[in-house]
Amino acid sequence: MTTGYTIRANGIRHHLIHTKGNGPQLLLIPGITSPAITWSFVAEGLAQKFDVHTIDVRGRGLSEAGDLDYSLDAMAQDAIEVAKQMDNPVVLGHSMGARIAVRAAAITPDVFAGLMLIDPPVSGPGRRVYPSPWPWYQDSILMSRKGCSGEDMKEFCPTWTDAQRALRAEWLHTCNLGAIRIAYDGFHTDDIHADLPNIKLPMRLVTAGAAPVIQPEDIAEIKTLAPEIDIRTVEGAGHMIPWDDFDGFLQATLDFKA
């Protein structure tokens with residue numbers, strides 16, 4: 001059963017989608033331009049082992065938008081305050097969502113049971129740039145604002161199914177362009193590597209074997225910063241791992257124990 005609901009946390013309205021499962025609670029934090037509803041098929045798979053709550057990150061979907069603070073610290077504080085209203089959830093974050101999870105756990109670890117970090121950008125001060133160029137985000141959002149079809153979205157998401165592209169075309173316009181720009185720039189200015197040694201929770205890193213986001217040298221560095229972290233790779237999958245290899249994604253996540 002899937003239901004949407006809203007709560008107030010960290011001074012703003014948050015919208016979440018609850019996909020009921022019988023296991024421990026899981027707070028799913030999607031990436032930079034992924035409203036919660038676009039992760040519904042993933043949440044349904046995760047509900048085999050978790051009780052899944054997928055959040056619309058501020059400035060996206062049905063959560064509050066407008067003149068807000070869209071920094072990594074603000075989004076991390078959102079995750080902390082939302083988790084306080086849950087039952088010590090595991091956090092699964094994808095891409096930007098994984099960076100939010102890292103920063104949140106470094107600030108206030110005791111509200112989380114563990115972290116699953118799905119292909120987080122490892123760019124930052126003095127590091128190589130994030131491989132996806134800004135125009136990919138800007139152009140697709142501006143197109144969606146005017147109204148577009150799933151077929152139009154094929155230019156940006158050529159490997160996705162028709163249904164996945166149609167859903168993105170329907171919801172992408174809810175992504176506040178200013179919020180996306182701040183988050184994208186933050187990929188290059190926020191240093192999540194400095195947070196990793198401060199996290200003592202159970203952690204798993206899931207990397208996309210066919211994406212350029214995380215390279216072998218990045219994995220080696222992360223292991224030195226967080227020696228207890230468990231590493232899984234979904235070979236052949238791009239950055240949007242569940243879209244490319246759904247079964248591989250579930251194999252890499254469902255056995256996580258906090």
Side-chain angles (χ1 to χ4, degrees), residues 1-9 13-31 34-58 60-63 75-76 78-102 104-105 108-120 160-161 163-164 167-168 171 199 201-208 229-232 234 237 240-258:
M1 183 176 69
T2 297
T3 56
Y5 66 99
T6 60
I7 61 173
R8 189 162 186 85
R13 182 192 74 251
H14 299 274
H15 175 256
L16 297 95
I17 297 175
H18 179 206
T19 306
K20 187 172 177 55
N22 294 320
Q25 287 190 333
L26 183 145
L27 176 60
L28 195 165
I29 309 178
S34 292
I37 195 168
T38 64
W39 276 73
S40 291
F41 78 99
V42 184
E44 289 170 4
L46 291 168
Q48 296 175 55
K49 295 292 180 67
F50 299 96
D51 186 50
V52 185
H53 299 254
T54 308
I55 189 169
D56 276 325
V57 178
R58 59 169 60 201
R60 299 151 179 88
L62 299 181
S63 285
M75 295 186 291
D78 289 345
I80 291 166
E81 297 303 323
V82 168
K84 286 179 180 178
Q85 299 186 41
M86 299 174 65
D87 184 19
N88 196 227
V90 171
V91 181
L92 184 151
H94 172 253
S95 193
M96 179 194 74
R99 290 170 67 91
I100 292 171
V102 168
T108 310
D110 59 353
V111 299
F112 307 115
L115 307 181
M116 284 191 276
L117 310 174
I118 314 301
D119 217 42
W160 292 19
T161 67
Q164 289 164 350
L167 192 61
R168 185 167 177 82
W171 282 88
I199 301 173
L201 297 169
M203 281 196 293
R204 175 174 294 175
L205 173 68
V206 179
T207 68
I229 196 168
D230 181 31
I231 311 285
R232 303 285 182 91
V234 182
M240 300 296 288
I241 298 174
W243 278 251
D244 291 343
D245 186 350
F246 184 61
D247 290 339
F249 172 80
L250 293 181
Q251 290 171 12
T253 54
L254 285 181
D255 65 344
F256 180 78
K257 297 279 194 297

Show the nearest heavy-atom pair for residues [X] and [Y], with the distance to one decimal.
X: A105; Y: L115; result: CB-CD1, 3.6 Å
X: E81; Y: K84; result: OE2-NZ, 3.3 Å
X: A9; Y: Q85; result: CB-NE2, 3.7 Å
X: I80; Y: V111; result: O-CG2, 4.2 Å
X: A113; Y: A258; result: O-CB, 3.4 Å
X: L201; Y: G114; result: CB-CA, 4.3 Å

Query raised in the report: What's the spacing between I55 CD1 and R60 CZ if we round to 0.5 Å?
Result: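 One gets 10.5 Å once the value is rounded to the nearest 0.5 Å.
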Query raised in the report: Nearest 0.5 Å, what's the CD1-CD1 distance between I29 and I118?
Result: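 These two atoms lie 11.5 Å from each other.
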**Report entry** Residues D255 and R204 bridged, charged N to O under 4.0 Å
**Finding:**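 The answer is yes: the pair qualifies as a salt bridge.
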Query - Side-chain heavy atoms of I17 within contact of T2, under 4.5 Å - result: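 Contact flag for I17/T2 side chains = yes.
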Query raised in the report: Just wondering, do L27 and M86 contact through their side chains at under 4.5 Å, heavy atoms?
Result: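 Yes, at least one pair of side-chain atoms sits under 4.5 Å.
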Query - Member of L205, L26, L28, D230 meeting the side chain to side chain contact (heavy atoms under 4.5 Å, CB included) criterion with M116 - result: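 Passing option: L26.
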Would you mind writing out the side-chain donor-acceptor pairs for residues 241-249 within the sub-3.5 Å range, not counting sequence neighbours?
unit_1, atom_1, unit_2, atom_2, d
D244, OD2, G238, N, 2.6
D245, OD1, G248, N, 2.7

Requested in this report: Please step through side chain to side chain contact (heavy atoms under 4.5 Å, CB included) for the pair F256 and K49, ending with a clear verdict.
Outcome: CA-CA 9 Å; F256 180 78; K49 295 292 180 67; over 6 Å; no
Query - By ring pair (Phe, Tyr, Trp, His ring centres under 6.0 Å) - contacts of H15 (at least two apart) - result: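 Ring pair (Phe, Tyr, Trp, His ring centres under 6.0 Å) list for H15, sorted by chain: empty.
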